[in-house]
Amino acid sequence: MNILFYTPNYLPAVRYGGPIRSGHGLARALVDAGHRVQVFTTDVDGPNRLDVPLGVPVDLDGVTVSYFPIQSPRRLYRSPAMARAVAQALPDADVLHLNGCFLWPGPVLAALARRAGVPYVASPRGMLQRDLISGKSPLAKRLWIRGFERDLLSCAGAIHVTSQAEAVGLADLDLDLSPVQVVANGVEMPPDPIPESRIWQTVLRGRRVAFLGRLDWTKGVDL
């Protein structure tokens, strides 16, 4: 298959945490399975820009990645150059995979895919959960869902979530949804696991707390 993969951020933008690793892991695994994967992303790296060539495909572990600049308003990741590149690639594509929510490219690329007759998969990446929507800019997010994400989700070939809890939270929004498929993130085990005793060393049982994730308000590390 020829798979087009949109994600707002990609390697080497590791500041964005798990989705960067899991996104590249998924793309690389699809390449290993014999598929062609073309990633379309931006050069955004927090307040800065990645030091990458723009609009020129580069190879990362067999995955073809193209980075594009964004235009104002920066918050929405608006990238007409990316939209044009995806439109040119769609006629030869079998499927388009869209990642993330509340950004300009998702609804725009979904509309391009519908016009081209190419099915697309939508991966909200945990962003469409009621508590996360209400926790920050709730009015803006609800208006965005009503104006843009609702059509994207109802017309998708499938909606990909990574856990049953995410599926339940998505259903709780009472939207007209395409079929939801739960597919967990893949995990590559290290060849030489670190012994537990070395990790904790002198920390006694009963006093051990492990946290894995970005230091972000959505992660609940304060709890």
Side-chain angles (χ1 to χ4, degrees), residues 1-113 115-116 118-127 152 156-157 160 162 183 185-191 214 216:
M1 295 178 66
N2 183 14
I3 302 169
L4 307 186
F5 191 97
Y6 155 71
T7 184
N9 307 98
Y10 203 76
L11 287 177
V14 293
R15 71 169 63 232
Y16 296 101
I20 301 301
R21 302 292 187 185
S22 63
H24 182 60
L26 173 59
R28 191 180 68 242
L30 288 168
V31 169
D32 291 343
H35 303 291
R36 181 187 180 197
V37 179
Q38 300 178 72
V39 174
F40 296 83
T41 189
T42 75
D43 65 340
V44 175
D45 187 24
N48 304 311
R49 298 291 179 89
L50 296 172
D51 183 15
V52 293
L54 298 179
V56 179
V58 297
D59 181 272
L60 288 180
D61 300 325
V63 181
T64 302
V65 185
S66 296
Y67 301 89
F68 296 90
I70 62 172
Q71 297 183 5
S72 181
R74 181 182 176 87
R75 168 65 183 81
L76 296 181
Y77 278 53
R78 179 173 172 267
S79 179
M82 181 197 295
R84 290 192 293 270
V86 172
Q88 292 176 357
L90 276 169
D92 296 323
D94 295 297
V95 65
L96 170 66
H97 190 170
L98 303 172
N99 291 268
C101 297
F102 305 121
L103 297 175
W104 181 90
V108 170
L109 302 186
L112 289 174
R115 286 200 289 269
V118 176
Y120 63 87
V121 174
S123 294
R125 293 294 177 179
M127 300 174 70
L152 185 156
H160 166 224
T162 57
V183 182
N185 287 324
V187 176
E188 290 183 335
M189 297 300 294
R214 290 179 293 119
D216 185 91

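Below, each value reflects all heavy atoms present in this structure, side chains not excepted, and no hydrogens, waters or symmetry copies.
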Practice problem: Not counting sequence neighbours, list each pair that qualifies as a ring-ring contact (aromatic ring centres under 6.0 Å, His included) and has a residue in residues 11-36. | Solution: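 Passing the test, one end in residues 11-36: Y10-H24.
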Would you say [X]'s side chain and [Y]'s backbone share a donor-acceptor pair under 3.5 angstrom?
X	Y	value
D43	Y67	no
T41	P8	yes
D94	N2	yes
H160	V183	yes
D59	T64	no

Atom pair [atom1] ([X]) and [atom2] ([Y]), whose distance is rounded to the nearest 0.5 Å:
X	Y	atom1	atom2	result
L109	L96	CG	CG	6.5 Å
N99	F40	CG	CZ	13.5 Å
L50	D45	CG	CG	4.5 Å

Side chains of [X] and [Y]: closer than 4.5 Å at any heavy-atom pair?
X	Y	value
F5	V63	no
V58	V52	no
T7	R125	no
V121	V95	yes
I70	R49	yes
L103	M127	no
V44	R74	yes

Do you know the tightest heavy-atom contact between [X] and [Y]?
X	Y	result
A113	Y120	CB-CD2, 4.0 Å
L98	A110	CD1-CB, 3.7 Å
A13	I20	O-CG1, 3.3 Å
S66	P57	OG-CA, 3.6 Å

Can you list, pair by pair, the side-chain donor-acceptor contacts under 3.5 Å of residues 77-87, counting residues two or more places apart and other chains?
unit_1	atom_1	unit_2	atom_2	d
Y77	OH	N9	OD1	3.4
Y77	OH	N9	ND2	3.2
R78	NH1	Q71	OE1	2.9
S79	OG	P69	O	2.8
S79	OG	M82	N	3.3

Quiz item: Can you tell me if CZ on R75 sees more than 12 non-hydrogen neighbours from other groups inside 6.0 Å?
Solution: no
Exercise. Apply side-chain contact (heavy atoms from CB on, under 4.5 Å) to the pair Q38 and D92, showing each step before the final yes or no.
Key: CA-CA 11 Å; Q38 300 178 72; D92 296 323; over 6 Å; no
Exercise. Go through L11 and R21 one step at a time and tell me if the side-chain contact (heavy atoms from CB on, under 4.5 Å) criterion holds.
Key: CA-CA 8 Å; L11 287 177; R21 302 292 187 185; 4.2 Å; yes
